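Reminder, nothing fancy here: chain letters follow the sequence lines and each chain counts from 1. These numbers were taken from a predicted model, which means no experiment stands behind them. The figures that follow rest on heavy atoms only: side chains count, while hydrogens, waters and symmetry mates do not.
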There are 2 protein chains.
Amino acid sequence: MPKKLIKQNARERILDVSEKLFANGSFASVSVRSVTATAGVNLSAVNYYFGSKQGLFQAVYIRRATQMNHERLHMLHETEQKARDEGREVTLRELISALLTPPIFWLCDVRPGFSVYIRFLARAYLEEASDMDHVLRQEVDVFDRFVPFFQQVKPDLGVEDIYWRIHFTMGVMHHTISHLHRISLLSHKACKIDTAAQTRDRLVEFCCDGF
Amino acid sequence: MPKKLIKQNARERILDVSEKLFANGSFASVSVRSVTATAGVNLSAVNYYFGSKQGLFQAVYIRRATQMNHERLHMLHETEQKARDEGREVTLRELISALLTPPIFWLCDVRPGFSVYIRFLARAYLEEASDMDHVLRQEVDVFDRFVPFFQQVKPDLGVEDIYWRIHFTMGVMHHTISHLHRISLLSHKACKIDTAAQTRDRLVEFCCDGF
DNA sequence: AACTGTTTAAAACATACGTTTAGAATGATG
DNA sequence: CATCATTCTAAACGTATGTTTTAAACAGTT
């Protein structure tokens with residue numbers, strides 16, 4: 001009985017462990033054996049639950065992707081509502097904040113896994129073996145919902161420019177997430193690692209002005 | 001005689017091939033066998049010339065790193081000179097341009113390998129297995145040369161802010177380089193892939209305003 | 001208690017990996 | 001031509017890989 005509580009679901013534990021390992025190393029560098037070993041399950045469990053290593057990787061992605069993008073859209077919706085209530089238009093800062101806040105906050109989230117997942121995501125973008133174009137697809141849909149608002153805020157920009165700048169914005173974020181520890185080395189320890197909110201604010205400010 | 005010309009140096013050809021393979025896949029996903037096979041050399045050539053797979057990876061990095069950073073410093077120096085001649089201070093746009101132009105131009109360089117190397121670099125940043133902190137070290141030195149100029153241009157910013165924004169700037173660039181093909185997917189084909197100069201200008205503009 | 005579907009276990013499979021070794025080919029130098 | 005270090009080749013080594021297989025353990029139901 002307590003055994004069940006301690007061990008949790010084997011499937012879930014595999015996901016937790018591989019999320020962490022995939023966040024720190026490439027797909028190829030993480031072996032199924034290292035996953036099952038640190039998860040404390042049998043080697044064949046991965047193939048049993050997920051069919052293959054690839055299946056595991058995609059399962060790790062899918063588990064939290066929907067929630068992530070939902071939070072972004074929710075934040076966009078709230079922002080829109082608030083602006084309407086106050087009889088004004090949505091600001092650029094609010095838009096970019098809605099794009100960046102969820103991932104950045106997840107990055108420093110205390111809920112286990114959330115922080116790791118963001119780093120997993122940033123790395124997954126570079127994996128071509130795992131059909132990551134499909135992964136991007138879901139984000140593309142989210143961005144499409146943002147585009148009209150960006151056009152509204154910056155009417156002088158063409159759609160093309162909007163997409164480029166969204167692209168850039170995501171770039172800063174991914175890079176910041178992936179190389180968060182490097183800012184210390186880069187600045188000769190001058191920069192401490194900020195809190196989530198501070199990092200978010202720095203990012204938003206940079207991207208706002210860039211936009 | 002022509003054989004020598006066709007085959008070139010085996011060592012060099014291994015570097016060329018692995019530069020390309022490492023640019024498209026992670027360190028672990030590229031096998032020594034795939035390198036030697038596509039290079040048309042014997043399997044043991046990698047260990048003969050570079051000692052190990054790791055040694056090969058670092059050799060790929062080192063081959064062009066110095067030149068890359070030298071070009072940046074050279075561009076900074078030219079910029080400084082020009083500004084002095086005209087009796088004015090260096091502009092922010094010039095500084096960022098000196099940081100970004102070399103890699104972006106390499107990205108679209110016709111000289112074989114230069115384009116690939118940039119993508120190799122962007123990917124190498126994520127490899128922790130290959131002691132990439134040492135790789136970063138050389139870039140850090142370059143950035144340190146830029147910092148005083150940034151302070152001069154933006155005297156209201158602290159050193160900390162400067163480093164963060166350099167960090168962000170590099171982030172946009174790396175992301176743009178790594179995911180250049182994705183802008184088309186992201187924008188539903190609205191964005192064509194620009195020329196090097198256009199991409200550079202977009203980037204510089206974004207980063208300038210962000211700074 | 002017997003049956004049933006699900007989960008776990010241990011072992012084996014076939015292949016791919018990085019590296020090493022021993023020797024042949026090569027090419028310049030005496 | 002003989003000598004020598006350098007370069008290349010083929011084969012093997014030992015290990016690690018993802019996956020499959022076969023059977024045991026388990027949990028819930030009748």
Side-chain angles (χ1 to χ4, degrees), chain A residues 1-22 24-61 63 120 123-124 127-132, chain B residues 1-22 24-61 63 120 123-124 127-132:
Chain A
M1 195 83 45
K3 190 183 177 188
K4 195 60 186 291
L5 281 178
I6 291 173
K7 297 194 77 179
Q8 298 255 13
N9 198 350
R11 197 189 120 99
E12 213 71 14
R13 213 159 66 260
I14 292 175
L15 284 174
D16 289 340
V17 164
S18 49
E19 188 175 55
K20 199 170 297 181
L21 292 180
F22 282 140
N24 294 329
S26 67
F27 178 78
S29 77
V30 173
S31 70
V32 175
R33 279 175 166 83
S34 70
V35 169
T36 54
T38 67
V41 302
N42 191 266
L43 169 61
S44 47
V46 160
N47 292 282
Y48 175 72
Y49 283 111
F50 308 99
S52 66
K53 189 185 177 184
Q54 279 283 346
L56 169 61
F57 190 87
Q58 294 187 7
V60 170
Y61 165 71
R63 182 166 63 148
F120 163 84
R123 191 175 282 273
E127 295 287 348
E128 56 174 354
S130 30
D131 190 17
M132 275 298 119
Chain B
M1 194 83 47
K3 189 183 176 188
K4 194 58 184 291
L5 282 178
I6 290 173
K7 297 195 75 177
Q8 300 252 16
N9 199 349
R11 198 190 119 100
E12 212 71 14
R13 212 159 67 260
I14 291 175
L15 283 174
D16 289 340
V17 165
S18 48
E19 187 175 57
K20 200 170 298 183
L21 293 180
F22 282 140
N24 294 329
S26 68
F27 178 77
S29 77
V30 173
S31 70
V32 175
R33 281 174 165 84
S34 71
V35 169
T36 55
T38 67
V41 302
N42 191 266
L43 170 60
S44 47
V46 161
N47 292 285
Y48 175 72
Y49 283 111
F50 307 99
S52 66
K53 189 185 177 184
Q54 280 283 349
L56 169 60
F57 190 87
Q58 294 186 9
V60 169
Y61 166 71
R63 182 166 62 148
F120 163 83
R123 191 175 283 272
E127 295 288 348
E128 56 174 355
S130 29
D131 191 18
M132 274 298 119

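Per the geometry, CD1 belonging to B:Ile14 stands 13 Å off P belonging to C:dG18, to the nearest Å. Distance, A:Phe50 CZ to C:dT8 C1': 15 Å, rounded to whole Å. The nearest whole Å value for the distance from the CZ atom in A:Arg11 to the P atom in C:dT7 is 10 Å. Counting to the nearest Å, the P atom of D:dC8 and the CD atom of B:Glu12 are 12 Å from each other. Rounded to whole Å, atom P of D:dC13 lies 18 Å from atom CG of B:Asn47. Regarding B:Leu56, its CG atom lies at a distance of 14 Å from the C1' atom of C:dT19, rounded to whole Å. One can place CG of B:Leu43 at 18 Å from P of D:dT7, the figure rounded to the nearest angstrom. In this structure, CZ of B:Arg33 is placed 12 Å from C1' of D:dA10, rounded to the nearest angstrom.
Nucleic acid contact class of A:Tyr49 (heavy atoms, under 4.0 Å, all strands): sugar-phosphate only. Here B:Val35 lies out of heavy-atom contact (under 4.0 Å) with every strand.
Of the side-chain N and O atoms in A:Ser31, none sit less than 4.0 angstrom from OP1 or OP2 of D:dA16.
Between B:Glu127 and B:Phe22, the closest side-chain pair of non-hydrogen atoms is not below 4.5 Å. Under the 4.5 Å side-chain criterion, counting only non-hydrogen atoms from C-beta, A:Asn9 is not in contact with A:Ile14. Using a 4.5 Å heavy-atom threshold, the side chains of B:Phe120 and B:Tyr61 count as touching. Considering only heavy atoms from C-beta on, B:Val30 stays 4.5 Å or farther from B:Lys20 through its side chain. Proximity of A:Phe27 to A:Gln54: side-chain heavy atoms (C-beta onward) are separated by under 4.5 Å at one or more points.
The side-chain hydrogen bond (donor to acceptor under 3.5 Å, both in side chains) pairs that include a residue from residues 43-52 of chain B are B:Asn42-B:Ser44, where partners are two or more places apart or lie in different chains.
Proximity note for B:Tyr48 (side chain, C-beta onward) versus D:dC8, D:dT7, C:dT20: the nearest is D:dT7. The A:Asn42 side chain lies nearest to C:dA9 when the options are C:dA9, D:dA10, C:dC17.
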Pull out every protein N or O sitting under 3.5 Å from an N or O of nucleotides 22-24 of chain C, one pair per line with the distance.
none

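Applying the side-chain contact (heavy atoms from CB on, under 4.5 Å) test to B:Thr36 and every residue at least two apart in sequence or in another chain returns B:Val32, B:Val41, B:Leu43, B:Val46.
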